[in-house]
Trainee: 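Shown below is the structure under consideration.
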Amino acid sequence: MDLKSSHTSPVLTDPPPMNKAILGVHSSLLPYSSPRAAFSPCLLLTIPRKKTGILDDVRSSGWLDAMKSSSPPPMKITKAVNNEYASYDADVVYNAWKVKYPSAIASFEEITNHAKGKRIALFLDYDGTLSPIVDNPDCAFMSDAMRAVVKMVAKYFPTAIISGRSRDKVYEFVGLTELYYAGSHGMDIMGPVRQSISDDHTNCVRSVDEQGKEVNLFQPAGEFLPMINEVLRSLVERTKDIIGVNVENNKFCVSVHYRNVDEKHWTTVAQRVHDVLKDYPCLQLTHGRKVLEVRPMINWDKGKAVTFLLESLGLSNCDDVLPIYVGDDQTDEDAFKVVTEGHRGYGILVSSVPKKSNAVYSVKDPSEVMEFLKSLVTWKKSSAL
Ligand SMILES: O=P(O)(O)OC[C@H]1O[C@H](O[C@H]2O[C@H](CO)[C@@H](O)[C@H](O)[C@H]2O)[C@H](O)[C@@H](O)[C@@H]1O
């Protein structure tokens, strides 16, 4: 199946000429008529039609700006400049931001007041939420203390992890069987079996998990697998001479990490990725924390994964359900939007710097995530007495 040879234009701004029959992707998952609208506008960066010269390609498309602004340094670094005034300004800005995104810990009572008589469903991102951001993605381990709290929380509330990682990898890190897992930004979901999953979800198959329990496996981008593997190989090959680049296989997505690349070579990273992607109009690029993420251009994201899981859990369209999503990244914004829709639930942004977000509350870092989850358990235990 050659999904690229028929496409001569490397342009992603026009609707991609995907052959629905060939791809076998359900029509509801195909990109919107305007692919720009398929993902948050700030995330979907397009490949410019006109070749204006090597560096201009990535500059004019905004790739470089986005790379530079991804994962801004925490406040502490600003303070380390040893400039009292700069530090004061940073604090003022951060505190002003917290008025709009109050601490979920300080607002805990407000949250639980709203949760009274409701069933909480918890959705957690992994990197930067349950584990701190580290230089080597293979070493983003979760602490035992965090694991114990997540295990506990899953005992009281249906809990799922929705990660950009491959599902296997995030399961390897978390290692808890009490949860549901969605990998590849929600494009690989292993959820509970439920008969009433809407007919739209044709890519849903019955499977068994490692414990032999029956589960539903939903992989809406399954047909993209050969293409993603091909792109993975090309990206590894095309970036192998750049010191510090790490190309990660996330099954239905590929991450090109540049956290450990000297900033003066970021343009080269962007250009190489751009050069590979221009042959694949069915793929798109999004930005994470010092990472370029390549993924199929289908109408599916972490927000859709939340909706799917709520449906699988029999918790959709219920007034007494309060979904809470905790995440730190741009890709979590789609999920924040879904849970906060109609004031149904809460999005909690993990950030130590001011950021515009669809979340309602904030916590500073994974240690505060842990504190929040612990409080939820304590509250649930005491309200059950
Ligand atoms: O959705 P997530 O679970 O947050 O996954 C998003 C990406 O997270 C990982 O990269 C990020 O964390 C790394 C480890 O701390 C860090 O080195 C990297 O700079 C961050 O971007 C993961 O490696 C990616 O594949 C995920 O897409």
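Just follow the structure's listing: the first ligand is 1, and inside any ligand the first atom is 1.
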Trainee: When you measure from the centre of the six-membered ring of Phe173, is the NZ or CZ of Lys169 under 6.0 Å away and within 45° of the axis?
Mentor: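 Yes, Lys169 lies over the aromatic ring of Phe173.
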Trainee: Side chain or backbone of Ser163 under 4.0 Å from ligand 1, or both, or neither, by non-hydrogen atoms?
Mentor: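 Under 4.0 Å from ligand 1, Ser163 contributes backbone and side-chain atoms.
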Trainee: Measure Asp135 to ligand 1 on non-hydrogen atoms and call it side chain, backbone, both or neither using the 4.0 Å cut-off.
Mentor: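 The answer is the backbone of Asp135.
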Trainee: Would the number of heavy atoms belonging to other residues, nucleotides or ligands and lying under 6.0 Å from CG of Asp319 be above 12?
Mentor: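 Check fails, neighbour count at 12 or below.
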Trainee: Is any N or O atom of Asp329, backbone or side chain, closer than 3.5 Å to an N or O atom of ligand 1?
Mentor: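 No; the residue has no nitrogen or oxygen that sits under 3.5 Å from a nitrogen or oxygen of the ligand.
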Trainee: Tell me, yes or no, whether the heavy-atom count around Gln211 atom CD, taken from other residues, nucleotides or ligands under 6.0 Å, exceeds 12.
Mentor: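 Correct, the count exceeds 12.
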Trainee: Output the list of atoms in ligand 1 that are nearer than 4.0 Å to some heavy atom of Tyr126, sorted by atom number.
Mentor: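 Answer, ordered by atom number: 3 (O).
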Trainee: State the atoms of ligand 1, each with its element, that fall below the 4.0 Å cut-off from a heavy-atom position in Ser255.
Mentor: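 With Ser255 as reference, the close atoms of ligand 1 come out as 24 (C), 25 (O), 27 (O).
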Trainee: Among all protein non-hydrogen atoms, which one is nearest to atom 4 (O) of ligand 1, and what is the separation to 0.1 Å?
Mentor: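 The answer is Asp125 OD1, 2.7 Å.
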Trainee: For atom 10 (O) of ligand 1, grab the closest protein heavy atom and report residue, atom and distance to one decimal in Å.
Mentor: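 That would be His257 CE1, 3.4 Å.
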Trainee: Considering only the protein, which heavy-atom contact is closest to atom 19 (O) of ligand 1, and what is its distance?
Mentor: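 Its nearest protein heavy-atom neighbour is Arg259 NE, 2.5 Å.
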Trainee: Which residue holds the protein heavy atom closest to atom 23 (O) of ligand 1, what is that atom called, and what is the gap in Å?
Mentor: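 Scanning the protein heavy atoms, the shortest distance from atom 23 (O) of ligand 1 goes to Glu248 OE1, 2.6 Å.
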Trainee: Please find the pair of heavy atoms, one from Pro192 and one from Leu309, that lie closest to each other, and give the distance.
Mentor: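 Between these two residues, the closest heavy atoms are CD-CD2, 4.5 Å.
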Trainee: Do the rings of Tyr181 and Tyr171 sit parallel, tilted or perpendicular, given the 30° and 60° boundaries?
Mentor: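 Taking Tyr171 first and then Tyr181, their aromatic rings stand perpendicular (interplane angle over 60°).
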Trainee: Nearest heavy-atom pair of Trp300 and Met187: which atoms, and what distance?
Mentor: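 Minimum heavy-atom contact is CD1-CG, 4.0 Å.
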Trainee: So, the side chain of Tyr258 versus the backbone of Glu263: is there a donor-acceptor pair under 3.5 Å, distance only?
Mentor: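 Absent.
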Trainee: For atom 26 (C) of ligand 1, what's the nearest protein heavy-atom neighbour? Residue, atom name and distance, please.
Mentor: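 Of every protein heavy atom, Glu293 OE2, 3.6 Å lies nearest to atom 26 (C) of ligand 1.
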Trainee: Below 6.0 angstrom between ring centroids: does that apply to Tyr361 and Tyr101?
Mentor: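 Tyr361 vs Tyr101: aromatic centres not under 6.0 Å.
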Trainee: Which atom names give the shortest non-hydrogen contact between Phe252 and Pro296, and what distance separates them?
Mentor: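 Minimum heavy-atom contact is O-CD, 3.0 Å.
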Trainee: What is the closest protein heavy atom to atom 11 (C) of ligand 1, and at what distance does it sit?
Mentor: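 For atom 11 (C) of ligand 1, the nearest protein heavy atom comes out as Ile133 CD1, 4.0 Å.
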Trainee: Which of the numbered atoms in ligand 1 are under 4.0 angstrom from any heavy atom belonging to Arg165?
Mentor: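 Every atom of ligand 1 under 4.0 Å from some heavy atom of Arg165: 9 (C), 14 (C), 22 (C), 23 (O).
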Trainee: Which is it for Pro132 and ligand 1 at heavy atoms under 4.0 Å: side chain, backbone, both or neither?
Mentor: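 The answer is the backbone.
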Trainee: Just to be sure I read this right, does ligand 1 sit under 4.0 Å from the backbone of Val291, its side chain, both, or neither, counting only heavy atoms?
Mentor: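 Side chain only.
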Trainee: Is the shortest distance from a heavy atom of Gly327 to ligand 1 less than 4.0 Å?
Mentor: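 For ligand 1, residue contact (heavy atoms, under 4.0 Å) with Gly327 is absent.
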Trainee: Quick check for you: to the nearest 0.5 Å, what is the distance between Leu322 atom CG and Phe157 atom CZ?
Mentor: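 That separation rounds to 10.0 Å.
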Trainee: Report the nearest protein non-hydrogen atom to atom 20 (C) of ligand 1: residue, atom name, distance rounded to 0.1 Å.
Mentor: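 Among all protein heavy atoms, the one nearest atom 20 (C) of ligand 1 is Arg289 O, 3.3 Å.
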Trainee: Mind checking the CD1-CD spacing from Ile348 to Glu368? Nearest 0.5 Å is all I need.
Mentor: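 That separation rounds to 11.0 Å.
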Trainee: Counting only nitrogen or oxygen atoms and a 3.5 angstrom limit, does Ala140 reach ligand 1?
Mentor: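 No: no nitrogen or oxygen of Ala140 is under 3.5 Å from one in ligand 1.
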Trainee: For atom 8 (O) of ligand 1, state which one of Asp138, Asp127, Leu292, Val254 supplies the nearest heavy atom.
Mentor: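 Comparing heavy atoms across Asp138, Asp127, Leu292, Val254, the nearest one to atom 8 (O) of ligand 1 lies in Asp127.
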Trainee: Starting from atom 15 (O) of ligand 1, locate the nearest protein heavy atom and write down its residue, its atom name and how far away it is, to 0.1 Å.
Mentor: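 Ranked first by proximity to atom 15 (O) of ligand 1 is Val134 N, 2.7 Å.
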Trainee: Is the ring pair Phe108/Phe372 parallel, tilted or perpendicular, if the boundaries are 30 and 60 degrees?
Mentor: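 The rings of Phe108 and Phe372 stand perpendicular, inter-plane angle above 60°.
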